[in-house]
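Accompanying notes for the structure given below.
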Amino acid sequence: MENKICQSCSMPISSKEQLGTNKDGSINVDYCKYCFENGEFIDKVSMEEYIEMCSKYGSQAGMTNEEMKEHCIQIFPNLKRWKCTCTDECTSGYNPNCTCTNPECHCTEKE
Ligand SMILES: [Zn+2]
Ligand SMILES: [Zn+2]
Ligand SMILES: [Zn+2]
């Protein structure tokens with residue numbers, strides 16, 4: 001598990017114990033346990049809100065809270081949870097060609 005970071009909060013993940021869980025109890029390899037549990041995100045917030053929340057924990061990452069916020073602003077938009085590659089086609093709803101991995105976007109699901 002080298003250079004793995006949580007795809008929601010960017011926390012470095014060095015052991016399996018730090019990973020979140022899927023609905024069926026299996027391990028979710030994308031997100032840490034502080035973000036994702038039982039198949040759901042623990043904090044259902046926008047990216048901006050999550051940056052505010054995470055920037056309170058700068059000391060845990062060896063940074064000031066201001067540095068932590070800067071770090072989050074740079075990194076978060078590229079993480080799987082927040083990155084959106086939707087196209088204009090998606091705005092009308094169902095788009096089977098969409099490759100976006102943002103869990104908030106459900107344009108590849110019918111209904
Ligand atoms: Zn996380
Ligand atoms: Zn999207
Ligand atoms: Zn889409």
Side-chain angles (χ1 to χ4, degrees):
M1 295 240 248
E2 48 195 279
N3 300 327
K4 198 167 172 60
I5 60 168
C6 170
Q7 292 295 308
S8 164
C9 70
S10 84
M11 183 184 91
I13 295 173
S14 53
S15 78
K16 259 189 176 176
E17 285 67 50
Q18 291 174 304
L19 288 168
T21 49
N22 293 314
K23 221 174 184 166
D24 61 5
S26 62
I27 279 171
N28 184 292
V29 295
D30 288 323
Y31 306 112
C32 77
K33 66 177 178 183
Y34 306 108
C35 289
F36 198 78
E37 194 175 44
N38 298 324
E40 281 188 50
F41 287 108
I42 295 166
D43 296 302
K44 295 181 182 65
V45 293
S46 70
M47 184 175 77
E48 286 71 25
E49 288 171 311
Y50 214 52
I51 287 173
E52 285 299 327
M53 286 169 63
C54 291
S55 59
K56 296 191 179 84
Y57 298 101
S59 61
Q60 288 186 16
M63 306 178 206
T64 66
N65 287 354
E66 287 74 44
E67 286 169 342
M68 185 68 175
K69 190 171 179 178
E70 271 307 303
H71 169 83
C72 292
I73 288 169
Q74 300 245 327
I75 302 264
F76 276 27
N78 292 312
L79 297 175
K80 194 169 172 178
R81 179 175 178 185
W82 312 109
K83 189 179 188 176
C84 182
T85 54
C86 280
T87 61
D88 288 345
E89 269 183 276
C90 301
T91 54
S92 59
Y94 180 57
N95 174 18
N97 300 320
C98 181
T99 56
C100 179
T101 56
N102 186 319
E104 303 292 311
C105 299
H106 297 292
C107 40
T108 57
E109 290 172 15
K110 273 189 178 169
E111 285 175 336

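Counting starts at 1 for both ligands and their atoms, in listed order. If you're wondering where the values come from, they're calculated on a predicted model, not measured in any experiment.
Other residues, nucleotides and ligands contribute over 12 non-hydrogen atoms within 6.0 Å of the NZ atom of Lys44.
Contact of the Met47 side chain with the Leu79 side chain is not registered, since no non-hydrogen atoms from C-beta on lie closer than 4.5 Å. Contact of the Cys98 side chain with the Cys86 side chain is registered, since non-hydrogen atoms from C-beta on lie closer than 4.5 Å. With a 4.5 Å cut-off on side-chain heavy atoms, Lys69 and Glu52 count as touching.
Under the 6.0 Å distance and 45° angle rule, Arg81 does not count as a cation-pi partner of Tyr31.
Lys80 pairs in a side chain to side chain donor-acceptor pair (under 3.5 Å) with only one of the listed residues (Asp30, Asn102, Thr101), which is Asp30.
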Criterion salt bridge (charged side-chain N to carboxylate O under 4.0 Å, His left out) on Lys23 and Glu40, from CA distance to verdict: CA-CA 8 Å; Lys23 221 174 184 166; Glu40 281 188 50; 5.8 Å; no
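Under a hydrophobic clustering in which Ile, Leu, Val, Met, Phe, Trp and Tyr are joined whenever their side-chain heavy atoms come within less than 4.5 Å, directly or via other members, Ile75 and Met53 fall into the same cluster.
The aromatic rings of Trp82 and Tyr50 sit tilted, their planes meeting at an angle between 30° and 60°.
Take the Zn ion (ligand 2) and draw a sphere of radius 2.8 Å; the protein N/O/S atoms inside it number 4.
Within the sub-2.8 Å shell of the Zn ion (ligand 1), the protein contributes these N/O/S atoms: Cys6 SG, Cys9 SG, Cys32 SG, Cys35 SG.
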